[in-house]
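Computation of the quantities below employed the complete heavy-atom set of this structure, encompassing side-chain atoms and omitting hydrogens, waters and symmetry-equivalent molecules.
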Amino acid sequence: MKIQQNERFSHFKKYYKQYLLLLFSLLVFGYWQFGFPYMLFFQEPLQLFLCSFDYFIKSVSTAGGLARYLGEFFTQFYVLPLGGPLVLLLWLVALQQLTWLLFQKVSFKDNHFYLLSFLPSLWYCTILSEEFYLLSGLISVVIAMVGVLLYVSIKNFKVRSLVGILLIPLIYFVAGGSYILFTLSIFVYEVVVFRKRDIAIRGIFWLCLLFDFLIAIVLPLFYRMYFDPVPVLQAYITEHFHKISTVFPFPVVLIWLFVPFALIVIFWVGNEEIKKTKKIVLYGVQVLLLFLAGYGGYIFFANPKAEYIKKFDYYVRHENWEKVVSLAKKKLPRNGFAVNYLNLALAKTNQLGDRLFRFEQMGKVGLFLPYEREMLSAMLGNETYYQIGLVNVSQQYVFEATESMPDLRKSTRSLKRLTDVAIINGQYELANKYIQLLKKTPFYKNWAKEAETYLYHEDKINNHPDWGEKRRLRPLQDYFFSVENIDQILLALLQDRPQHKMAYEYLMSYYLLNKDITSFMEYVDLGYNIHYKYLPVAFQEAVLYVLALKSREAVENNNFPIEDATKDRLYRYIAIYTQYPNARELLKKDFSHTFWYYYHYK
């Protein structure tokens, strides 16, 4: 038995690094695949990566441009079901392995810091949970670590110094701000590690280090003076870490500082004999740091509520309306974006009028997102207008979303929608302009080629399940758009398209959510053009409420297509509402999903 235990311990001691790497890989993959997959699906179409030589030259012509180019290239693969988690796993493991190799370079005895080598990767994994941090930032750090390893691998001091002088500008132009990590790391290596190995310190040694620092300080100033007149701080940090270029990427800077600091600690601690007690403490501290980095990073950067909205967005973009409704049943949406998408899905599945109050509502925002000068509400808000046939409003929202992109770049998502609208409106030259760009993208070129076959073919477009439908739904007259007067636009649309069921139900729902009973009753008769057997349930309840204010006879003798079951439910509601002082609590169980309860208590 004891022999078997010794064998297991020996086996673990021999292969514990592989086991820890496997555990880390499984955790990273699971985190993204099961924790935040829809954030990756959301990020992918918010960029436009073009497979062209001109785009490559334009990208790499800026400081850190190659890291940005590679980041965009690999971000494309987020569109695949397992693509995002595998791409992130690849780069995070690369960073961990490079960190461990570097740690080994500065420790000349048994190295007990393997756990610590996971800390930069773990921390960056959580940083990327914040949707505006870019994959290119992680790639930038990896490139800088490769440079550090190359530098410390050179034994000859003179050759190493020359390579360092060359690598600082090279890493700056290739990886951007992570050249700071490289510069600090080689300085620590020379001053702390190399000096302690009894190598003579001559004047040339300090002269080389001083020259390295002068290059690191002057280089960004030279760049902004002659290449790109960006702010001074941005010239040093560069813009490829965060989607908003003016944001200071402090979490990434912590990694730049951690690596050289860790080299100092490992050199001083790792080159002494460590007793068993101190070894336990050393491993305990590393575990604690990993826990703080993982848990703290999750608290600071991860946003499960945003992931919930992005899950809705994913299924709306793919027009999987039943899935959207199913998600809402499992977890009631409490956010304006999610409620907006839910109501759109209810309308597309012919359930809006029947189930409007089965879910928590948030007023008119739940139907139409306001026109705001920021990317998220404009990009998500366009979906409702597009599906309802107000394609020019959809186009306006997408234009606004494009202009409000934090990095001021185009996106495949916006180009696809602009192509949709241009084809629907018969603007074929404009559509072709967008199509030619999309044809240069690896994952959207087939869609673009298919769309190109529709240009100038009216019959083919009219028979298209999406574009043909939108042509039949769009208004015939011009109007001035304002979301504050959306009811007037819907009335104009119904005047042009009297049998437009979705427009009618959105209009009636708009009045009900605003508790505008007067306008509702004025236009509810428009529903006769749609030939309902019975009015949708929420509309029945609103009609009966108004009639009940007059008399019971008005309820019984009305000419609206209303079911008897709705009348019976009204009488039960009235009986409780008028007789009990705590009616709100008594009604909540059986009537919280009715218009009456919404009207009185919400």
Side-chain angles (χ1 to χ4, degrees), residues 41 44-52 54-55 76 79-80 313-324 341 344-345 347-349 378-403 405 409-479 481 493 496-497 499-503:
F41 289 138
E44 179 273 327
L46 294 183
Q47 67 166 28
L48 180 65
F49 178 85
L50 303 179
C51 283
S52 68
D54 290 342
Y55 185 76
Q76 294 178 104
V79 72
L80 304 175
D313 180 72
Y314 175 81
Y315 288 113
V316 166
R317 284 192 290 118
H318 290 81
E319 299 191 357
N320 192 339
W321 309 113
E322 293 290 352
K323 186 65 176 180
V324 175
Y341 274 164
L344 175 59
K348 295 296 291 184
T349 54
M379 186 64 76
L380 273 58
N382 98 87
E383 296 292 346
T384 297
Y385 297 105
Y386 180 78
Q387 295 297 336
I388 210 170
L390 299 172
V391 294
N392 289 338
V393 179
S394 171
Q395 182 186 56
Q396 181 181 353
Y397 269 57
V398 173
F399 276 139
E400 186 61 41
T402 302
E403 293 301 315
M405 289 289 284
R409 293 168 177 250
K410 294 181 176 64
S411 68
T412 53
R413 179 169 181 171
S414 62
L415 286 182
K416 282 188 67 179
R417 180 47 46 87
L418 292 174
T419 303
D420 291 331
V421 175
I423 290 176
I424 292 166
N425 287 335
Q427 300 170 317
Y428 300 125
E429 289 186 11
L430 182 60
N432 187 57
K433 174 184 174 182
Y434 301 137
I435 286 171
Q436 296 311 312
L437 284 173
L438 290 170
K439 283 171 66 176
K440 296 178 182 179
T441 62
F443 289 99
Y444 296 91
K445 62 182 179 182
N446 290 337
W447 183 91
K449 290 177 180 178
E450 176 66 18
E452 190 174 29
T453 65
Y454 282 81
L455 300 183
Y456 303 100
H457 292 82
E458 297 296 323
D459 291 339
K460 192 174 182 180
I461 295 172
N462 291 335
N463 291 322
H464 190 275
D466 182 34
W467 299 330
E469 178 195 49
K470 300 306 180 292
R471 279 191 167 186
R472 293 186 291 273
L473 295 180
R474 60 181 176 164
L476 301 177
Q477 56 186 304
D478 295 328
Y479 50 82
F481 172 76
L493 181 56
D496 293 338
R497 312 288 188 184
Q499 295 184 327
H500 194 329
K501 182 179 180 180
M502 188 173 173

Does any part of the side chain of [Y], heavy atoms only, come nearer than 4.5 Å to the side chain of [X], both counted from C-beta?
X    : Y    : answer
Y341 : L380 : yes
R471 : E458 : yes
D466 : Y386 : yes
M405 : K410 : no
D313 : M379 : no
E383 : R317 : yes
L493 : Y479 : no
T441 : F49  : no

What's the shortest heavy-atom distance between [X] and [Y], and which atoms?
X    : Y    : value
L48  : Y55  : O-OH, 3.3 Å
C51  : P442 : SG-CG, 3.3 Å
G389 : P475 : O-CD, 3.6 Å
I424 : K470 : CD1-CB, 3.5 Å

(message) A quick test of your reading: do over 12 heavy atoms of other residues, nucleotides or ligands sit less than 6.0 Å from CD of Q477?
(response)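 Buried by this count: over 12 neighbours within 6.0 Å.
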
(request) Decide if atom NZ of K440 counts as having more than 12 heavy atoms of other residues, nucleotides or ligands within a radius under 6.0 Å. (result) no

As an exercise, state the distance from [atom1] of [X] to [atom2] of [Y], rounded to the nearest 0.5 Å.
X    : Y    : atom1 : atom2 : result
I423 : Y434 : CD1   : OH    : 11.5 Å
Y315 : N320 : OH    : CG    : 7.0 Å
K433 : L415 : NZ    : CG    : 9.5 Å
D496 : L473 : CG    : CG    : 12.0 Å
N382 : Q395 : CG    : CD    : 10.5 Å
I435 : W447 : CD1   : CH2   : 6.5 Å

Spell out, as yes or no, whether a donor-acceptor pair under 3.5 Å connects the side chain of [X] to the backbone of [Y].
X    : Y    : value
H457 : L455 : yes
T384 : G381 : no
R497 : R474 : yes

(request) Using ring-ring contact (aromatic ring centres under 6.0 Å, His included) as the criterion, list what pairs up with H318, not counting sequence neighbours. (result) Y314

(message) Once ring-ring contact (aromatic ring centres under 6.0 Å, His included) is applied, do any residues pair with W321, and if so which ones, sequence neighbours excluded?
(response)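 W321 satisfies ring-ring contact (aromatic ring centres under 6.0 Å, His included) with no residue once adjacent residues are dropped.
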
(request) Mind running side-chain contact (heavy atoms from CB on, under 4.5 Å) on R413 and V398 for me, showing each step along the way? (result) CA-CA 9 Å; R413 179 169 181 171; V398 173; over 6 Å; no

(message) Parallel, tilted or perpendicular, judged at 30° and 60°: which one describes the rings of Y397 and Y385?
(response) tilted

(request) Output, in order, the C-alpha distance, side-chain angles, deciding distance and verdict of side-chain contact (heavy atoms from CB on, under 4.5 Å) for K449 and K439. (result) CA-CA 7 Å; K449 290 177 180 178; K439 283 171 66 176; 4.3 Å; yes

(request) Take F481 and Q396 through the side-chain contact (heavy atoms from CB on, under 4.5 Å) test and state the conclusion after the steps. (result) CA-CA 10 Å; F481 172 76; Q396 181 181 353; 3.8 Å; yes

(message) Would F399 and V421 count as a side-chain contact (heavy atoms from CB on, under 4.5 Å) here? Give the steps.
(response) CA-CA 12 Å; F399 276 139; V421 175; over 6 Å; no

(message) Using the side chain to side chain donor-acceptor pair (under 3.5 Å) definition, which of the options Q387, E322, E319 pairs with K348?
(response) Q387

(request) Take N432 and Q436 through the side chain to side chain donor-acceptor pair (under 3.5 Å) test and state the conclusion after the steps. (result) CA-CA 6 Å; N432 187 57; Q436 296 311 312; 2.9 Å; yes

